[in-house]
Each structure stands twice: as structure tokens, then as C-alpha cells.
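Values below: every heavy atom of this structure, side chains too, minus hydrogens, waters and symmetry copies.
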Amino acid sequence: QVQLVESGGGLVQPGGSLRLSCAVFGLAFDYAGIGWFRQAPGKEREGVSCVHRNSNTTDYADSVKGRFTISRDNAKNMMYLQMNNLKPEDTAVYYCAVTLRRWQTPSCVRGQYDYWGRGTQVTVSS
């Protein structure tokens with residue numbers, strides 16, 4: 001049974017940092033494409049950052065480039081999202097996700113990911 005469990009969310013002041021973690025169980029993590037997504041109230045779930053399986057390339061949403069860093073530790077079946085210089089507009093529920101499918105045109109979009117965590121709340125406020 002595949003299971004993803006996020007941790008590390010919380011309340012932080014603008015300009016602060018958080019590191020999200022996601023433990024992945026029940027699949028061959030080494031071969032998975034990985035991604036972090038977020039959903040703010042009243043908005044669609046959007047891709048924040050993804051590492052694509054085919055090419056091992058990394059995508060970032062324009063809004064987080066230079067501030068967020070995605071990483072993985074295959075030995076521990078873990079993925080991370082380091083978030084620096086946080087802004088109030090980063091407030092959302094953050095989800096980790098993985099896919100084992102090979103996409104001809106990989107993209108950091110919800111429809112290309114098969115397994116999801118339950119989410120962790122990140123609130124940026126003074």
C-alpha cells in the first residue's frame with residue numbers, strides 16, 4: 001500500500017523559512033517522479049516544484065523560483081521542500097506527490113501524479 005506522509009508545516013512570519021518533509025512508503029521511490037503542490041483557499045491546486053522521472057530535471061513555479069528548493073534522499077525514501085523568504089501569498093496546504101508513469105511531456109501538474117499525501121498547512125503571517 002502506497003502512503004505519503006508530510007510534516008514540517010506551521011506558522012511563520014514573512015521572510016522566514018520552513019522545511020517540509022515527505023516520507024514515502026510502498027513503492028520504488030528511486031524510480032518515481034516527485035512533486036510538491038499547494039492549494040490555497042478558493043484556488044486550484046498548483047504545482048510548486050517537481051523532479052521529473054525521465055530526465056531528472058527540476059521545475060519550479062515562477063512564484064517560488066530562487067526561494068524554494070526541492071530535494072530527495074532515495075536511501076531514506078524521503079523528499080523535501082526547503083522554503084526561504086516566505087511571503088503571505090505562500091500560505092496554503094502543501095501536498096507531496098509521486099508518479100511512476102513515464103510521461104512523454106512531463107509537467108508539474110496535478111494530473112500527472114498518482115499518489116498523494118494528506119497535506120500540511122503552511123501559514124505565513126505576522
Undergrad: Can you measure from OG1 (T120) to CG (L81) and round to the nearest 0.5 angstrom?
TA: 11.0 Å
Undergrad: Under the side-chain contact (heavy atoms from CB on, under 4.5 Å) rule, what do V12 and S17 come out as? Steps first, then yes or no, please.
TA: CA-CA 7 Å; V12 63; S17 297; over 6 Å; no
Undergrad: When you look at V122 and L20, which way does the side-chain contact (heavy atoms from CB on, under 4.5 Å) test go after all the steps?
TA: CA-CA 9 Å; V122 172; L20 304 183; 4.0 Å; yes
Undergrad: For the OG atom of S107 and the NE2 atom of H52, what is their distance to the nearest 0.5 Å?
TA: 6.0 Å
Undergrad: Compare every heavy atom of A92 with every heavy atom of Q39, then report the nearest pair and how far apart it is.
TA: O-CB, 3.5 Å
Undergrad: Hydrophobic clusters here meaning ILVMFWY residues chained together by side-chain heavy-atom distances under 4.5 Å, can you tell me if V64 and M79 are in one?
TA: yes
Undergrad: Any chance CD of E89 has more than 12 other-residue heavy atoms, nucleotides or ligands included, within less than 6.0 Å?
TA: yes
Undergrad: Looking at every heavy atom in both F29 and D73, which two are closest together, and how far apart are they?
TA: CE2-O, 4.0 Å
Undergrad: How close do R72 and N74 get, heavy atom to heavy atom, and via which atoms?
TA: NE-OD1, 2.9 Å
Undergrad: Shared ILVMFWY cluster between F25 and Y80, side chains joined below 4.5 angstrom?
TA: no
Undergrad: Find out if a path of hydrophobic residues (ILVMFWY) with successive side-chain heavy-atom gaps under 4.5 Å connects Y113 to V48.
TA: no
Undergrad: If you group Ile, Leu, Val, Met, Phe, Trp and Tyr by side-chain heavy-atom gaps below 4.5 Å, do F37 and M83 land in one group?
TA: no
Undergrad: Search all heavy atoms of V124 against all heavy atoms of T91 and return the closest pair with its distance.
TA: N-OG1, 2.9 Å
Undergrad: How long is the gap from CD1 on I34 to CG on L4, to the nearest 0.5 Å?
TA: 10.5 Å
Undergrad: Would you sort out whether T58 and S49 count as a side-chain contact (heavy atoms from CB on, under 4.5 Å), showing the intermediate values?
TA: CA-CA 7 Å; T58 302; S49 182; 4.0 Å; yes
Undergrad: Distance from L86 atom CG to S125 atom OG, nearest 0.5 Å?
TA: 12.0 Å
Undergrad: Decide side-chain contact (heavy atoms from CB on, under 4.5 Å) for Y60 and T69; before the verdict, give the C-alpha distance in whole Å, the side-chain angles of both, and the deciding distance to 0.1 Å.
TA: CA-CA 8 Å; Y60 290 95; T69 303; 3.8 Å; yes
Undergrad: Are V98 and Y95 connected in a single hydrophobic cluster, I mean Ile/Leu/Val/Met/Phe/Trp/Tyr linked by side-chain heavy atoms less than 4.5 Å apart?
TA: no
Undergrad: What heavy-atom pair brings R118 and E6 nearest, and what distance separates the two atoms?
TA: N-OE1, 3.1 Å
Undergrad: Let me confirm one number: the CZ-NZ distance from R67 to K87, rounded to the nearest 0.5 Å.
TA: 4.5 Å
Undergrad: Got a salt bridge between K65 and D62, using NZ or NE/NH1/NH2 to carboxylate O under 4.0 Å?
TA: yes
Undergrad: Can you name the nearest heavy-atom pair linking T105 to Q112, along with the distance?
TA: O-NE2, 3.1 Å
Undergrad: Would you confirm whether the ring centroid of W36 sits within less than 6.0 angstrom of the ring centroid of F68?
TA: no
